[in-house]
Structures are given as structure tokens and as C-alpha cells.
Amino acid sequence: MPAKKKSAARPLRIAVVGTGGVAQRNYLPYLASQPDMTFACWNRTAKKADAAAKEFGGEACPTLEALIAWKPTAVLVLTAETARYAVGTKILQLGAKKVFFEKPLVAMNGQSRVTEDDFAKGRELLALAAKNKCETAMVFNYRFFEQSIAAKKIIAERKFGQVINITGQVHYACWSHCIDLVYWLAGEVKEISALTGPSERQGDRVDPARDVAAAFVTTGGAAGTIIGTAGMKWQHPLYELTFTFENGRLHLRDLDGTLEILDGAKQQIETVSFVRDTSRWANYDESFRKAIGAYLQSLRDGTPPPVPGLDGLRELQFEAALKRSVKEQRPVNLAQEFPL
């Protein structure tokens, strides 16, 4: 008997909720380039959804009900963070089974003004998803920068030992991403104590906000500090993170920066630099393509998403604990006061 031909994988059907700037720059062009995929979109302003569908070759749906009735493989929630809770709740209530969220998971007043209530709403979203047996995922594309990938690999392969301290200086435009990188590279945060500056700084491409300085300890026993600010100039490095281990140190800098490696076992300093023929923004766009591509591949393979939705809630847990510490002028235990 002739061997049976393997059936072709089913095409992915991707629903896009929100067709604003981030969708048009970083998501829709990539989706349109995938040969095994069709997409449909919805936007609060129907004309924007119609225009996006026409430009990128998808289908526009007049309502969220129609979008979910289209039976997507997964739903990408790309609305403004201020609308993400309401839209995400509606999508889950309509029966979506796989939902991918832009970051932060919830931020009702904007990403530079996350509150304790945002954490509560994020936890409600994930609880509803679990109740409805819906798998959730996050973007957190900074994990897909080349320096981040290299740092993760070094931690896994070299005998650096335990993380002993972390330091960071971060523009608020990168804030939630860098909190996520701390968790991803150094483990969960156990306790935090924070202060804010006396006045707001006018943000460059972010809302005005007070500086914040936070000291924290991880569940693994590392001590850390991180400063968030709207006051850094846009032409400066937008973030710097240093992870010191028992036998080494890693320093990550900016969207296209050099990774510096201090290796105690080798007794040498190394640098990993990346090609300089592209701008930091080209590197930023590429990190989106990698993040989206990794998520789509997990859908094809039937494997867990590379960044689960729970990681978005952990980021909000850190911010909620920070805000409570500032308000009540005391250390806050994250697991006890903001359980996931």
C-alpha cells in the first residue's frame, strides 16, 4: 500500500482586536507575511478596522461577537492599555480559547500610572480565563532582543551560581518590560520597599510622572534596586540592567546595546555587540517579529506560549506592591499582600 500523505497543518485564524499604531507597525505586516494564516480584525472605530483589513488583506468584523463567531485560533488584544480590561473581559465572556495580550496586562490610567486596582483587574482577567479554560499569553518582546537571548543562554550554560544583586535605571517607556526582565533573568520578587521623588517630571513620549526608587529582594535571596523615571532623554540609553552572580556579572543596555559579560571562572571580560547598520528602532521592530513569530509557532506546534499570561500579572504584582510601599511607607511582601 502506498504511504499515507501527511495532511497539511490547519491554517491559523488570528483575530486582531485594536488596529492602532502598534498593530499597524508591528503586528499586521508580520501576520500578512505568513502563508499559513488568515486574520480578521475589530476596532472601536469601524473605519480603522476596514482600512487595516484592506491594507493588509484581512477581514473586518463589525462587532466583537462577530469576531469571536469567526472562530479564531487565537485573539491578539492590541488595544490601548486603558481599554484592555474591558475588551479582554468581553472577549473571554464570548468564549475565546487562546488570548494574547499586549503589555502591560492592565493599566487603566496608562502604563506610567499603574495602580493596585490594575493588579486586581489583571487577576480577574486571568481568573476568568482559567474558569473558561482559555490559554493566555503576553508579548514582552524585550525578551527577544539579541542581548536578552544571549544573557539567558549564558545564565543557563555557564557556572555563574546564584544571582546576588540586581541594579536598574529605566525610562518609563521600558518600565514594564524591564520589570519582566528582572523576573525572567533573576527570579520572582519577594519583598519591595519604595520611595518617589517630590514632583512629577515631564515625560518624553510618556505621561508626566514622579521618579520612583525601589529596593527589593527576590525569593532566591538576591537584593536589588531599580529606578524608574520619565526624565531620561530619549537619545540616551532607555534602560540599563546589571545582574551580579556569585561567579559573574551581566550588563544589558538599551534596545540595541552591547552585552557586557564578566566571567569569574574565565577571569576575563567579554562583550557581545550586535550589527550597527540598523537603528535601535529597527532592532525594536525585529524583537516584535521574533516575539510574535514565537507565539504563532507555539500555536502551530500545540505547545504552551513562550510568555504566559501569568507573567503579565507578575509584572503588575511588582507595580502594585511598589505603589503600596510608597503610600504606606513600609516594605510590602508581594505573595502575602498581592497573591497571584
Next item on the list: Apply the test side chain to side chain contact (heavy atoms under 4.5 Å, CB included) to residues Q34 and L12: give CA-CA distance (whole Å), side-chain angles for both, the deciding distance (0.1 Å), then the verdict.
Entry: CA-CA 9 Å; Q34 302 302 294; L12 296 178; over 6 Å; no
Quick test of your reading: applying ring-ring contact (aromatic ring centres under 6.0 Å, His included), list the pairs with at least one residue in [range], sequence neighbours left out, ordered by first then second residue.
{"range": "residues 193-214", "answer": "none"}
{"range": "residues 68-104", "answer": "F100-Y295"}
{"range": "residues 321-340", "answer": "F119-F338"}
{"range": "residues 128-153", "answer": "F140-H177, Y142-F145, Y142-H177, Y142-Y239"}

Which pairs pass salt bridge (charged side-chain N to carboxylate O under 4.0 Å, His left out) with one or both residues in [range], sequence neighbours excluded?
{"range": "residues 92-109", "value": "K98-E135"}
{"range": "residues 327-340", "value": "E116-K327, R324-E337, E328-R330, R330-E337"}
{"range": "residues 211-236", "value": "R201-D211"}

Notebook entry, point to check: With F56, which residues qualify under ring pair (Phe, Tyr, Trp, His ring centres under 6.0 Å), at least two apart?
Noted result: none
Next item on the list: For Y30, enumerate each residue passing the ring pair (Phe, Tyr, Trp, His ring centres under 6.0 Å) test, keeping only those at least two apart in sequence or located in another chain.
Entry: none
Notebook entry, point to check: Could you give all pairs that pass the side-chain hydrogen bond (donor to acceptor under 3.5 Å, both in side chains) test and reach residues 302-320, with sequence neighbours left out?
Noted result: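 For residues 302-320: R143-D311, W175-E319, E188-R314, D311-R314.
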Next item on the list: Please name all residues satisfying salt bridge (Lys or Arg N to Asp or Glu O under 4.0 Å) with E59, sequence neighbours left out, ordered by chain then number.
Entry: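 If we apply the salt bridge (Lys or Arg N to Asp or Glu O under 4.0 Å) test to E59, skipping adjacent residues, there are no hits.
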Could you tabulate the donor-acceptor pairs under 3.5 Å formed by side-chain atoms of residues 39-48, not counting sequence neighbours?
residue, atom, partner, partner atom, Å
N43, OD1, T19, N, 2.9
N43, OD1, T19, OG1, 3.2
N43, ND2, T45, O, 3.4

